[in-house]
Amino acid sequence: MSKQVLDRLVGQFHERILKTESFRGDDEALVAPADWLAVARFLRDDSACAMDHFIDLTAVDYPERSEPRFDVLLFVRSLGKKHRIRLKTRVRDGEELDTLVNVWAGANWTEREVYDMFGVRFRSHPDLRRILLYEEFVGYPLRKDYPINKTQPLVAYRDVPPAKLAPFGDDEGNPFGRIDWLARMSGRNLQVSPAIGVQQGQRPALSVSPEDLASAPQAAKPPTAAAVPLAPAALKD
Amino acid sequence: MASTAAVSSKARASSTEASLTPTRAFVPDPYLDLATYAAAADLLTLSLGPQHPSTHGVFRVVLYLDGELIVKAVPHVGYLHRGVEKLCEKLSYSNVTPILDKNDYVAPMCNEQAANMVFEQLLGVEVPLRAKFVRTLLAELQRIASHLLWLGTFAMDLGGALGGGTSVFMYCFRERELILDLFEELTGCRFHYNTHCIGGNRHDIPAGYPALVHQSLDLIEARLLEYLGMLEHPIFRDRTRGVGTVDAELALELGLTGPLLRASGIDHDLRRDAPYHVYDLLDVNVICDDGGDCYARYKVRLQEIAESIRLSRLLIDNLPAGPICSTKPLSGVTQFKITSGQAYVAIESPRGELGTWLIAGGKGMNPYRMKLRPPSLHALAAVPYLFPRHTLSDAVAILGSLDPIMGEADR
């Protein structure tokens, strides 16, 4: 479907499209960082591509690969032509990439996120700050060499000895607020939460058909008061 | 209602965006240099949020006010950042699903579906027809519940205009509870269901379930008219009409999706244009509106509830027999191995295009990189374009109409 876009790109840019790839409906073109902005502009302005809908921009870290380390990817879609393409480039650590904010305004926040998470900087971005993390944060968390369990709290964690809570009463683990009040007033403490009701045998499961219930009336009968634990005395009042 | 020549002419003069042609409707400059503003000395800086009820979670926006008019808005997100994408890189494929439930906590079903669809696409696992029907049904029911929650909170944001504020909120939550009861009946949970797995669903629809679904849907459909009676009055229309208008070009460029895009007059819905599940068997009516303002977004969402009710009835009535899952029940967390390949799957969540992009690699036990494309983040990116030239009270209405969920925006 979007194969035509790849052909159009190759026809326009020839060897500047380094590689194209199609895998299970996703089409991808690889360009050099220097061509990033030009190809993006072409994708938007060319009438055969007409990529008017900005979807996403993100990056991937490959630390084990010899330079360049990062893949930066752009996802765009054309609503009129109903096709979608992924544009990819590879940048070295510390290398700057042209911003796409002037092509699609939606690239603003996604580029900030890539900077925040990977440390890839964008040239002439109007507002390149961290977006999800705070200014004091050190490092770039989505890089593979950032430890997953590392924390950087702005306010130091309190050193509190682990407290063991007193055991709760009989009603521990029961969903509050979903009580069958009529049943409770008649002396039984029935839960009406359907799943728990079935689990505890207080009501028949929906998978039991009405015919089965008619042939086996004891299955449909609500449990007697003796079979169900009574409500705690405090709750009865 | 909210426009002054002073603010708009100033902003237009300082706009340096190359793509903004002069023929286009006025678009404020999100990078406005306040020093160039005429009354710069008199501007009031107001920080709205992060813990203000009208910001729908922990969202903060710094407003520069000239009197009651907003000159510039600078949003700050990230208060709910939990590093979900980093976490996914350490979890096995079957353990990712319950984590993603917590992303969009108003529509968890859609998050699960997106993740499992991308795994299935890379593994080449086929989903049985019955499971596809059940998934579609759950997605549509979830859309009703999510839009009802939005309607309630939106009406509460407009508060005083609606005679007491919380009444519509309470009514909407009452109806949403019916959907949550349906989900609880099926999965045992009210939120965070974890009912989707690779190759199908964990919980099959029991025999008595269709009657319950019909009962709940009939009730919700009847009560939709009551909401119209409560909301459709002049004050509500004055506060939403012409407020927060996004034109089609800006909406596309910003990457807005879902009801926001359709309310700007763009006929795009992934359920029809790139069908997944069994949407190709259904004839989905895509609801559009040309207004582009808060009122248009309200109308689109309300009609989408009615459309989802219609689709849900069709689905539950025509549920095919057969297996619900094509893979064996989970025997260990490392049952699934994907060693190479990458895939992008986008579904139409209640808030718009929910994309999941997965790169498999390494030993194949966990994703090498998992990128979530939350519709809410892109909706919030429109705030600097929407807030200027509106009053503070309009800002609350606009933010409510964007329906942001910070859990998925911040991830």
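None of these values were measured; they are calculated from a predicted model. Convention: sequence-line order gives letters A, B, ...; per-chain numbering from 1.
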With a 6.0 Å cut-off (strictly less than), is the heavy-atom count around CD of E64(A), excluding the residue itself, greater than 12?
no

When rounded to the nearest 0.5 Å, the distance separating CD of E113(A) from CD of E85(B) is 6.0 Å

Quick one: pull up CG in L132(A) and CG in L377(B) and give me the separation to the nearest 0.5 Å.
7.0 Å

Identify which of I55(A), L79(A), D52(A) forms the greatest number of heavy-atom pairs closer than 4.5 Å to chain B.
I55(A)

To the nearest 0.5 Å, atom NZ of K371(B) lies from atom OG1 of T58(A) at 5.0 Å

Suppose a student defines contact as a heavy atom less than 4.5 Å from any heavy atom of chain B. Which residues in residues 149-156 of chain A would they list?
none

In terms of ring plane angle, is the pair Y344(B) and F75(A) parallel, tilted or perpendicular, where the classes change at 30° and 60°?
tilted

Minimum heavy-atom distance between L372(B) and D56(A), given as atom pair plus value:
O-OD2, 4.3 Å

Min side-chain heavy-atom separation L252(B)-W104(A) under 4.5 Å
no

Which one wins on heavy-atom pair count under 4.5 Å against chain B: I131(A), L133(A), V76(A)?
I131(A)

Taking all non-hydrogen atoms of both residues, which atom of H378(B) and which atom of F54(A) are closest, and how far apart?
CE1-CE2, 4.0 Å

Does A59(A) offer a backbone N or O that forms a donor-acceptor pair with the side chain of R369(B) under 3.5 Å?
yes

Chain A heavy atoms under 4.5 Å from A274(B): which part of the residue, side chain, backbone, both or neither?
neither

Nearest heavy-atom approach of A105(A) to L254(B) is CB-CD2, 4.0 Å

Nearest 0.5 angstrom please: T110(A) OG1 to R373(B) CZ, how far?
9.5 Å

Take atom CZ in R174(B); do more than 12 heavy atoms of anything else shown fall under 6.0 Å from it?
yes

Does any heavy atom of chain A fall under 4.5 Å from the side chain of V74(B), the backbone, both, or neither of them?
side chain

Under 4.5 Å from a heavy atom of chain A, the part of L261(B) involved
side chain

Is the number of heavy atoms from other residues, nucleotides or ligands within 6.0 Å of CD (E126(B)) greater than 12?
no

So do M117(A) and K86(B) actually touch side chain to side chain, heavy atoms under 4.5 Å?
no

Is R44(A) salt-bridged to E253(B), going by a charged N under 4.0 Å from an acidic O?
no

Among L380(B), L186(B), T257(B), who wins on heavy-atom pairs under 4.5 Å with chain A?
L380(B)

Toward chain A: residues of residues 352-359 of chain B with heavy atoms under 4.5 Å
E353(B), W357(B), I359(B)

Please state whether the side chain, the backbone, both or neither of R130(A) comes within less than 4.5 Å of a heavy atom of chain B.
neither

Out of Q121(B), Q342(B), R411(B), return the one with the most heavy atom pairs under 4.5 angstrom to chain A.
Q342(B)

Below 4.5 Å, heavy atoms only, C-beta onward: do H268(B) and K82(A) meet side chain to side chain?
no

Contacting region of D61(A) [heavy-atom separation from chain B under 4.5 Å]
backbone

Would you mind checking which part of I148(A) comes under 4.5 Å of any heavy atom in chain B, side chain (CB onward), backbone (N, CA, C, O), both or neither?
both

Which bit of E89(B) comes within less than 4.5 Å of chain A, counting heavy atoms only: side chain, backbone, both or neither?
side chain

D26(A), part contacting chain B, at a heavy-atom distance under 4.5 Å
side chain

